[in-house]
Each structure stands twice: as C-alpha cells, then as structure tokens.
**Student:** 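Sharing a structure below in structure tokens format, with a few things to ask.
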Amino acid sequence: MAPRMGTRAAQPGTSSGLGTHFSSPRKLRDKRKTQVLVEVPGQKAKQTQLLAKMASLLAGPATRKPEETPPVLPETETDAVVLENDVNEAWEDVPEPHDNCSPQSPSQSTPSRRTQPDLTSTRLYDSWKALIPTLVEIQLDYTARTLGAPLERTPKVLSLCSSHTCAQKRTSLTCLFFDYFISIDAMSCRCANLAQTLIFHGLFPTAPSQPRMAISVELLAFYRSLFQCSCDAVNALASALHTHYVRRGYRITNAKGEVIQEPFRRSLGHAIQWFDVLQIEVERQLEAAVQTCRDRVEASRATPAHPQSPGAREEKGLRECCASILIQRCPACFGGVRFGQDLNKGGDIHVHLLLAVLWITDSN
C-alpha cells in the first residue's frame, strides 16, 4: 500500500545530499472557530467613552457636558474614575488605569537611605567603646581560670558582688550555649555591672546596657576561629545554631506561643562584632605590656657601668636595634643587632621600594 501523500513516508529516497525538504502538512482549522466574529463584553462601551472623551477635549471646557456621558458598565470602574477627574480639571494629564491614586507630597515620599550613622547608632557605638576597656581584666581572669580545664555548667543565678551588702538588680536573660539555650538571672550592683558579671561567668552581652540575650564566650571564640579559617557568615551560624537547637527540642516562641523564625541573627551579630573588639583590646594591652618590658630591658642595656669614649660610641653606631614595629612585622629581616655593614658585603637590610611605599600608605 502506497504511503499517503504529505506524510514523511511519502518522501522520495536519496543517496546523496540532504534530499527534499519536508514540511509538516497544514492542519485544517474549524470553520466555526475561525469565521465567527466574537464581541468582547464591554468593549463597545469603552470605545464609546473614549470617543466622547476625545470629543470633549477637542471642543474645550466651555462646551463640555459631563451629564451627557454614556452609562458605565460594571467592568469599567477605572474609566469612570478617570472621567470624574476630567470633569473637574479639563487639561489634567490622564493617569494609567493602575495609577489612579493621588500623587504623594514631598513630605510623604519615601525617605532616602542614610549613608552616615544616625544619633542612635552613634550613642550605641560610644556606649560599647566605653564598656569594652572595663571588661579586659575580667576577660583575662576568665581565660586564666578556664584554660586547660573543662567548662563548668553555668548556674541559674549569676552574681559578682564582693561586699554582699550592695543593692542588687536582677535581670533575666536568654543565654545561648553550644548545645542548648536557657533563661538565667544575672545580678548587677555597684561592685560589678551586668556586663562584668556576665563576662566573669563566660557570657557576652548583646547590648552595652539592658541586654536581653547573652552568648557563650566559648561559642563566640569558636566562631572567631571558624571565621579566620573559612570566612563563615553570621547568618549561617545563626541558622545552624537555630536548627541545632530545634533538633534538640529547644524552640523560642513569642508571647502568643508562635515560633520565631530568626531569633538569634541580630543579637548574635552584635555579640560577635563587639566580642572581637574585646579580643583586640586584650591583645593591644598585652602587646603594650610586652613593649614596656622591652623598653625597660633596652634602657638597662643602654646604661653602661663604665662610660665610653666618644670614639667608641661612633664606632659602635647610632642604633643597636630596629624599631619594635619592624621587628614585629618581620623578625628575620629586622631582628638583628649588628649595624654598619659595608654595602659591598651586602649591607644591613634590603627593602623593596614599592613594598615600603605600600606599607607607609597602609600605616597612614
């Protein structure tokens, strides 16, 4: 049986080239669908309204008669609003159908995004900067107590009062640890404020005053080490911590009993930021103490038991060591104590000019 014309089987065979191009046959359309004219409901009424509106605009405001406008169908509520506005103001620009709301005044417009800290942010920053130096000694004491020892479970009530006669203020906080969170009461008085009490017991506040949440110092130290190695984000830690708590059966809810989706992100970010500032302050004071000891050692070496002659001083040279900051940057280059070597023998120190300029620019 011969194949039906217009099908792929009816294509002639070929031994070379691409052969005859095959195109799909045109499918016959249903005449009832293609030859019957359909009128869209309400389209003729809209056309009549537009023609009447155009005629009134061309005729001018003196000859316009708003009461002669044709009735409006329910589907054209938007056009009705436009016509009413045109009756009051003849030459007003006609807005789009989705833009019928009145324009906002400049005072009601959306405020632009600020590029500088506002007064609240400045006060918060000043409060943190004033609080951090008062926590250095307590942080060092906590590190000395817990170094090389297992962590103890935090008690339900925290206090650091030494006299036990001060009027104490009780503050309830939600404290986050590695594997759970718990509500703890912290006492503050004249002997120790709330932040010092929390630091002494291994907790870091999320605000300089009146905090409602505290983070474990060991958890923050772990994140600090993790960030230095992998640059992990605060959002990732907050989400992972929340997931870990939920799997262990700990959920934070609001007053209505609804589960809070992101309960730790903002507070955790503040605690991480200012705990890092506290660690930098500890390192700075530690380096300052070490530098003071270095200066005392150098001063004791610079005072000889027997005064030297001026010629011996010139032979010895003007300096006996490089600046302390250079020794810290590269002890191999600047840690020597012998100076005045001839350039033919290599000189004392070789410094790349471009690197020196970059270092000075970075220091400034």
Side-chain angles (χ1 to χ4, degrees), residues 120 123-224 237-238 241-242 244-245 248-255 257 260 263-282 285:
T120 303
R123 289 178 177 175
L124 180 63
Y125 175 81
D126 294 338
S127 300
W128 275 114
K129 292 295 289 184
L131 177 65
I132 290 298
T134 63
L135 306 178
V136 174
E137 294 185 3
I138 302 178
Q139 172 65 24
L140 292 174
D141 178 70
Y142 172 79
T143 304
R145 286 188 290 108
T146 58
L147 186 63
L151 299 178
E152 299 179 357
R153 193 173 184 87
T154 306
K156 291 295 185 68
V157 179
L158 309 180
S159 179
L160 193 58
C161 182
S162 57
S163 62
H164 302 285
T165 58
C166 302
Q168 296 186 351
K169 178 182 177 181
R170 181 184 295 267
T171 304
S172 180
L173 302 99
T174 301
C175 302
L176 308 184
F177 297 91
F178 273 103
D179 53 346
Y180 68 100
F181 64 86
I182 191 173
S183 179
I184 291 178
D185 293 336
M187 313 299 293
S188 58
C189 60
R190 293 182 300 174
C191 301
N193 56 29
L194 182 59
Q196 293 173 345
T197 303
L198 293 173
I199 291 291
F200 181 82
H201 291 88
L203 296 168
F204 193 86
T206 58
S209 61
Q210 300 180 356
R212 290 294 174 263
M213 188 175 293
I215 317 295
S216 171
V217 168
E218 303 301 331
L219 179 60
L220 295 176
F222 174 76
Y223 174 80
R224 193 164 184 257
L237 178 63
L241 202 61
H242 178 60
H244 183 58
Y245 288 158
R248 289 184 50 82
Y250 293 89
R251 294 177 180 270
I252 287 188
T253 58
N254 55 16
I260 302 177
F264 311 128
R265 181 180 59 82
R266 187 167 184 171
S267 301
L268 193 61
H270 292 168
I272 288 173
Q273 176 185 357
W274 290 103
F275 178 76
D276 187 67
V277 174
L278 175 59
Q279 298 303 313
I280 294 174
E281 183 68 20
V282 170
Q285 294 194 13

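Note that this is a predicted model, so its numbers are computed, not measured.
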**Student:** How far apart are the C-alpha atoms of H244 and D179, what are their side-chain angles, what is the distance that settles it, and do they pass the side chain to side chain contact (heavy atoms under 4.5 Å, CB included) test?
**Tutor:** CA-CA 7 Å; H244 183 58; D179 53 346; 4.2 Å; yes
**Student:** Return yes when atom OH of Y250 has more than 12 non-hydrogen atoms of other residues, nucleotides or ligands closer than 6.0 Å, and no otherwise.
**Tutor:**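 Yes - once you tally the heavy atoms of other residues, nucleotides and ligands closer than 6.0 Å, there are more than 12.
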**Student:** Could you check I215, L203, L151, L219 and say which one makes a side chain to side chain contact (heavy atoms under 4.5 Å, CB included) with F177?
**Tutor:**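 For F177, the side chain to side chain contact (heavy atoms under 4.5 Å, CB included) check succeeds only for L203.
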**Student:** Dump the intermediate steps for ring-ring contact (aromatic ring centres under 6.0 Å, His included) on Y245 and F264, then the final yes or no.
**Tutor:** CA-CA 11 Å; Y245 288 158; F264 311 128; 5.6 Å; yes
**Student:** Counting only heavy atoms not in R251, do more than 12 sit closer than 6.0 Å to its CZ atom?
**Tutor:**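 Not more than 12 within 6.0 Å, no.
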**Student:** I need the minimum non-hydrogen distance between T134 and Q196, along with the two atoms involved.
**Tutor:**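 For T134 and Q196, the tightest heavy-atom pair comes out as O-NE2, 3.5 Å.
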**Student:** If you define the side chain from C-beta out and look only at heavy atoms, does anything of Q168 sit under 4.5 Å from S188?
**Tutor:**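 Not touching, per the 4.5 Å side-chain cut-off.
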**Student:** Under 3.5 Å, side chain of S183 to main-chain N/O of T174, donor-acceptor pair present?
**Tutor:**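 The answer is no, because no donor-acceptor pair under 3.5 Å joins these two groups.
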**Student:** Is there a side chain to side chain contact (heavy atoms under 4.5 Å, CB included) between V157 and R170? Walk through the geometry before answering.
**Tutor:** CA-CA 9 Å; V157 179; R170 181 184 295 267; 4.0 Å; yes
**Student:** Counting only heavy atoms not in E218, do more than 12 fall under 6.0 Å of its CD?
**Tutor:**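 More than 12 within 6.0 Å, yes.
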**Student:** Among I138, L158, L135, which residue satisfies the side chain to side chain contact (heavy atoms under 4.5 Å, CB included) criterion with F200?
**Tutor:**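 Output: one option passes, namely I138.
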**Student:** Tell me, please, whether F204 has R224 positioned over its six-membered ring: NZ or CZ under 6.0 Å from the ring centre and within 45 degrees of its axis?
**Tutor:**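 No.
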**Student:** Nearest heavy-atom pair of A214 and L198: which atoms, and what distance?
**Tutor:**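 That would be CB-CD1, 4.3 Å.
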**Student:** Does a side-chain heavy-atom distance below 4.5 Å link V277 with E281?
**Tutor:**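 Counting from C-beta outward, V277 and E281 never come under 4.5 Å.
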